[in-house]
There are 4 protein chains.
Amino acid sequence: MIRVTIYNEFIHEQSDEIVKKVYPDGIHTLLRQELEDDEITVRTFTLDTVEEITDEVLEKTDVIIWWGHVRHMQVPDEVAGRVKEAVLKGMGAIFLHSAHHSKPFKGLMGTSCNLTWREHGDRELVWVCNPAHPIAAGIDRYIDLAHEEAYGEPFGVPEPDELVFIGHFEHGEVFRSGCCYYRERGRVFYFQPGHETYESLKHPDVIRVIKNAIHWAYPTARVSELTCPHVEKPID
Amino acid sequence: MIRVTIYNEFIHEQSDEIVKKVYPDGIHTLLRQELEDDEITVRTFTLDTVEEITDEVLEKTDVIIWWGHVRHMQVPDEVAGRVKEAVLKGMGAIFLHSAHHSKPFKGLMGTSCNLTWREHGDRELVWVCNPAHPIAAGIDRYIDLAHEEAYGEPFGVPEPDELVFIGHFEHGEVFRSGCCYYRERGRVFYFQPGHETYESLKHPDVIRVIKNAIHWAYPTARVSELTCPHVEKPID
Amino acid sequence: MIRVTIYNEFIHEQSDEIVKKVYPDGIHTLLRQELEDDEITVRTFTLDTVEEITDEVLEKTDVIIWWGHVRHMQVPDEVAGRVKEAVLKGMGAIFLHSAHHSKPFKGLMGTSCNLTWREHGDRELVWVCNPAHPIAAGIDRYIDLAHEEAYGEPFGVPEPDELVFIGHFEHGEVFRSGCCYYRERGRVFYFQPGHETYESLKHPDVIRVIKNAIHWAYPTARVSELTCPHVEKPID
Amino acid sequence: MIRVTIYNEFIHEQSDEIVKKVYPDGIHTLLRQELEDDEITVRTFTLDTVEEITDEVLEKTDVIIWWGHVRHMQVPDEVAGRVKEAVLKGMGAIFLHSAHHSKPFKGLMGTSCNLTWREHGDRELVWVCNPAHPIAAGIDRYIDLAHEEAYGEPFGVPEPDELVFIGHFEHGEVFRSGCCYYRERGRVFYFQPGHETYESLKHPDVIRVIKNAIHWAYPTARVSELTCPHVEKPID
């Protein structure tokens with residue numbers, strides 16, 4: 001059983017009428033419903049309970065999924081720090097959409113993670129540029145999303161270790177929409193779809209990509225500690 | 001002085017009325033006119049003279065630019081082989097548009113270099129995704145090309161060492177339009193614009209990118225031979 | 001069942017008394033014995049039968065292992081070409097030791113694959129530099145080989161997509177001993193140990209690495225053809 | 001004129017008799033003397049003055065060089081943060097030896113930057129594995145250092161964008177000794193030699209590498225601000 005932990009700040013869904021209609025029980029609940037299956041079990045946290053994402057919780061998490069937007073700064077540094085450290089020890093991590101600016105993602109990238117953005121409900125085609133990648137399994141040439149917030153290059157991240165998707169926005173932008181990173185023992189996937197006012201996170205291909213990413217990011221070489229070992233004697 | 005050699009197969013410009021109008025003296029002549037300046041000198045070859053691209057010519061070439069399309073197969077293996085070897089020894093190389101299927105490019109990549117293509121004169125926006133890269137110097141957010149052949153992902157090449165541009169085509173495709181590769185001593189740049197029936201190669205930003213790429217690909221660590229040295233004694 | 005095909009040129013083992021003692025039935029036979037298990041089945045070819053490595057054989061091969069040294073040039077271009085093409089379509093490939101100069105490996109890399117070499121039976125420590133990588137699973141800090149041919153940098157290959165091992169030779173050299181490449185649909189692993197006069201290929205850790213690499217290279221997104229599709233209509 | 005800023009914590013040289021003899025005026029002073037030439041001008045800071053590394057100083061710095069060891073934690077987060085931000089905006093950065101654990105380097109990498117270490121005065125051969133790289137210009141096959149602290153793999157950093165040097169330690173370890181990273185607008189070079197009790201930083205080849213790295217890291221696309229721009233209208 002793959003143990004997935006979802007963090008969703010859960011602000012828009014309570015304060016904005018449009019979002020409330022799209023994700024009435026919150027993005028975390030929708031994702032839990034869509035992702036749980038014979039192999040995946042999910043527990044969820046929101047900004048209200050973010051401090052409950054303790055080391056103990058993270059040790060029992062195989063892959064964390066992160067969605068945040070307007071309250072990144074209210075996630076305590078301690079929580080963000082332990083998520084980052086858990087990734088370096090081997091936990092998988094998937095950052096969705098506006099989580100590009102979340103503390104754990106920025107900490108893992110070491111860069112600003114800036115981008116350009118424009119919100120006009122553009123149709124987006126999310127193209128597979130690496131069809132051999134397990135995260136693209138089962139996806140045809142592209143995912144067709146009726147409406148998304150346009151994210152545009154330049155995306156201020158390190159060159160991805162593997163680029164899987166590139167997004168095409170109707171009114172002009174392109175974006176590296178699916179980026180894989182290896183960071184010490186952990187695997188990190190950034191996936192651009194998922195604006196709170198649109199239906200993208202209900203799209204079966206988006207769910208399939210997230211499921212694929214869960215399997216891809218599942219830890220295979222996890223350690224309990226990050227050490228900097230002193231070797232006392234020369235190699236025999 | 002940077003010594004640039006241009007190869008253009010020069011078939012369409014003689015056989016197709018539309019192309020004849022766009023590039024009446026051939027793509028090679030247009031490029032020579034646009035590229036020559038105080039720092040760059042150019043000589044040109046076409047399919048008729050491709051066998052004259054000898055080792056001696058290549059040794060006196062700092063950067064080669066290659067445009068071909070319907071006659072890739074008529075470039076002799078010997079010529080393609082010596083171009084590839086010259087690159088591995090340090091000569092720079094720039095492959096334009098349909099040269100993705102040229103023998104030297106395929107030989108250097110080790111892959112099929114396939115892509116999808118569609119020809120409806122789409123407007124293309126060539127986005128800068130790596131604004132820190134010297135090849136993007138002086139380019140704003142994107143290059144705006146009135147018409148281009150649409151090239152689409154997946155592009156069957158190794159993950160670029162540095163990705164500089166991503167193309168956005170009006171009717172849906174995206175493409176990794178500017179890709180840098182380090183191959184032993186040589187630097188290789190693939191640049192997607194340049195279909196024979198359109199004006200892209202006259203666009204000042206396209207010329208600027210090619211000039212930037214010439215400077216970027218200029219050899220700095222060239223060798224006269226590729227060796228596999230036998231070391232006779234252990235390191236002292 | 002993973003279907004592995006081993007090619008071993010099988011020259012030294014018949015012509016050189018020392019090698020005959022180390023690998024009396026040939027490197028291919030030793031590898032078959034060591035690799036076959038509940039999940040892996042092996043068939044073998046040698047230079048004498050290399051032309052029998054047909055497209056049909058390759059279609060029924062999940063991962064090919066290649067060992068060659070003094071007779072690389074006698075492998076017909078057609079055979080090398082179809083091995084390369086099978087890799088691009090998704091077949092896994094593992095190149096051992098002196099196969100760095102084999103035709104299929106050079107074709108896939110696009111470079112000379114040169115290195116420096118020195119033969120004094122140095123002890124080699126093959127260090128794990130990427131302990132999170134599945135190919136390093138079960139290996140401690142390093143593999144300790146009593147004797148190996150010293151291979152030294154610079155290794156004339158593209159920057160590996162993932163570097164897993166670095167070799168330390170007693171009398172001075174270092175070498176990127178375990179290099180992963182993604183080439184279109186296929187996965188390629190180069191592994192440096194395996195000189196014909198030493199026992200490395202019998203070392204349990206070397207066998208474990210090769211087994212790990214077989215599992216890692218197992219095709220997951222294979223295609224029957226490499227195509228460059230023409231799209232007739234704009235995306236709807 | 002290239003404006004270089006050197007930070008050296010300057011603790012060992014005042015508290016340890018051996019170090020005092022090797023670097024009587026401090027590592028920063030030695031480096032300034034060795035690096036200043038017709039193209040390079042240097043100013044220096046130590047832990048005592050680290051807070052004087054203000055935004056204004058950084059804006060007038062083209063490349064920063066960082067040496068620290070036992071007092072990383074005493075560098076204020078604010079200072080480390082502004083160094084990191086200056087790099088992302090385009091300032092070059094060179095981290096020497098034990099600066100692998102400095103706050104700005106760890107912040108830029110996003111990882112633990114752990115390694116194994118052993119101190120027995122091993123001879124080190126620092127091999128060039130990428131002879132085409134401008135940082136290796138003028139260096140023969142390897143740099144021969146009489147004594148160095150042994151650093152060993154695994155090195156807990158992201159896969160380098162370009163790997164230039166690999167170190168070979170007499171008693172067994174290997175280490176990725178010269179690693180290049182592109183991080184948004186800035187270029188980062190990590191170089192392993194430079195333990196405080198040995199003479200490495202006086203070695204002409206080490207100085208040459210650092211000078212090469214200064215030229216390589218010189219900013220070419222610096223920005224005054226890191227922005228995440230809102231685009232108000234669709235592309236025309």
Side-chain angles (χ1 to χ4, degrees), chain A residues 100 110-118 122-133 135-137 139-146 148 150-182 190 192-193, chain B residues 100 110-118 122-133 135-137 139-146 148 150-182 190 192-193:
Chain A
H100 71 95
T111 57
S112 73
C113 304
N114 285 337
L115 44 78
T116 64
W117 53 285
R118 181 175 60 72
D122 284 46
R123 177 182 178 194
E124 179 187 4
L125 306 180
V126 186
W127 286 84
V128 175
C129 61
N130 184 346
H133 201 283
I135 292 183
I139 305 299
D140 196 19
R141 298 171 65 215
Y142 54 81
I143 302 171
D144 192 342
L145 301 176
E148 254 301 339
Y151 273 14
E153 293 286 340
F155 188 17
V157 286
E159 192 95 23
D161 290 309
E162 292 158 8
L163 181 63
V164 185
F165 298 106
I166 298 174
H168 174 285
F169 294 92
E170 188 180 358
H171 295 298
E173 282 84 352
V174 293
F175 193 69
R176 286 172 288 171
S177 291
C179 300
C180 296
Y181 295 95
Y182 298 88
Y190 172 80
Q192 157 267 315
Chain B
H100 71 95
T111 58
S112 73
C113 304
N114 284 337
L115 42 78
T116 65
W117 54 285
R118 184 176 58 73
D122 284 45
R123 178 182 178 192
E124 181 188 2
L125 307 180
V126 186
W127 287 84
V128 176
C129 62
N130 184 346
H133 201 284
I135 291 183
I139 306 298
D140 197 17
R141 298 171 66 215
Y142 54 81
I143 303 172
D144 192 342
L145 301 177
E148 254 302 338
Y151 274 13
E153 293 287 339
F155 187 17
V157 287
E159 192 94 24
D161 290 309
E162 292 158 8
L163 181 62
V164 185
F165 298 106
I166 297 175
H168 175 286
F169 294 92
E170 189 178 359
H171 295 298
E173 282 85 351
V174 293
F175 194 69
R176 286 172 287 171
S177 292
C179 300
C180 297
Y181 295 95
Y182 297 90
Y190 172 79
Q192 157 268 315

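We name chains A, B, ... by the order of the sequence lines, and we start the count at 1 in each one.
- Contact of A:Arg141 with chain B is made through the side chain alone, with heavy-atom distances under 4.5 Å.
- Chain A forms the most heavy-atom pairs under 4.5 Å with one residue out of B:Gly167, B:Pro154, B:Ala132, and that residue is B:Pro154.
- In this structure, the side chain of B:Trp127 engages the main chain of A:Gly172 through a donor-acceptor pair within 3.5 Å.
- Heavy atoms only, all atoms of each residue included: B:Arg176 and A:Cys129 are closest at NH2-O, 3.5 Å.
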Side chain to side chain contact (heavy atoms under 4.5 Å, CB included) between A:His168 and B:His168, intermediate numbers included: CA-CA 7 Å; A:His168 174 285; B:His168 175 286; 3.1 Å; yes
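- Per-residue heavy-atom pair counts under 4.5 Å with chain B were compared for A:Phe175, A:Tyr142, A:Phe169, and the maximum is reached by A:Phe169.
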Working for side chain to side chain contact (heavy atoms under 4.5 Å, CB included), residues B:Leu163 and A:Glu159: CA-CA 8 Å; B:Leu163 181 62; A:Glu159 192 95 23; 3.5 Å; yes
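- Each of A:Ile166, A:Val126, A:Leu125 was compared with B:Val174 under the side chain to side chain contact (heavy atoms under 4.5 Å, CB included) criterion, and only A:Ile166 meets it.
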